[in-house]
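One structure is given below, encoded as structure tokens.
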Amino acid sequence: MNRSLILFSGFILAFLTIDIAHAAENQEAIKRGKEKIQMCIGCHGIDGWHTAFPRMYHVPRLNGQHEAYLKSALEAYKNGERSHPTMRAITASLSDQDIADLAAYYASQKP
């Protein structure tokens, strides 16, 4: 019984340690992401903004979106799975770290 309790406590401690480390890492990604949003806020920071190129297009708000979704969308623009020309051009210059940082930042913001 004691051995099981010790083993269980060890798993809980390991899980909490990993969770704390992830939270600290995520805070760093959020800070880095905030430094990289200049290219995004011109369109995504304006309520109700529409673009006229290549066609009339409602620009979505990014604040509060799920981090995994944002990463996936940025990666899809970068590799051509999504075809908006402006987003394709912007994401072409983003590294995987840039994408992760931007996704962490926007996911952390209130909608």
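Everything numeric in this text was worked out from a predicted model, so none of it was measured.
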Can you measure from [atom1] ([X]) to [atom2] ([Y]) and round to the nearest 0.5 angstrom?
{"X": "M39", "Y": "L94", "atom1": "CE", "atom2": "CG", "answer": "4.5 Å"}
{"X": "L62", "Y": "Y69", "atom1": "CG", "atom2": "OH", "answer": "9.0 Å"}
{"X": "E81", "Y": "R88", "atom1": "CD", "atom2": "CZ", "answer": "10.0 Å"}

Closest approach of [X] to [Y] (non-hydrogen atoms, all atoms of both residues):
{"X": "Y77", "Y": "M87", "value": "CD2-CB, 3.5 Å"}
{"X": "I37", "Y": "K34", "value": "CG1-O, 3.4 Å"}
{"X": "C43", "Y": "V59", "value": "O-CG1, 3.5 Å"}

Self-check item: Partner set under side chain to side chain contact (heavy atoms under 4.5 Å, CB included) for P60, not counting sequence neighbours
Solution: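 Residues passing side chain to side chain contact (heavy atoms under 4.5 Å, CB included) with P60: H44, Y57.
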Donor-acceptor pairs are to be reported for all side-chain atoms of residues 98-105 against protein atoms at under 3.5 Å, with residues two or more places apart or in another chain.
unit_1 : atom_1 : unit_2 : atom_2 : d
D98    : OD1    : K36    : NZ     : 2.8
D98    : OD2    : S95    : N      : 3.0
D98    : OD2    : S95    : OG     : 3.2
D101   : OD1    : R32    : NE     : 3.2
D101   : OD1    : R32    : NH2    : 3.0
D101   : OD1    : Q97    : NE2    : 2.7
D101   : OD2    : R32    : NE     : 2.9
D101   : OD2    : K36    : NZ     : 2.6

Self-check item: N26 and E67, any side-chain heavy atoms less than 4.5 Å apart
Solution: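 Yes - at least one pair of side-chain heavy atoms lies under 4.5 Å apart.
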Quiz prompt | Step-by-step salt bridge (Lys or Arg N to Asp or Glu O under 4.0 Å) determination, K78 to E75 | solution = CA-CA 5 Å; K78 184 175 181 171; E75 289 166 353; over 6 Å; no
Quiz item: Near D96 CG, under 6.0 Å, is it more than 12 heavy atoms from other residues, nucleotides or ligands?
Solution: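 No.
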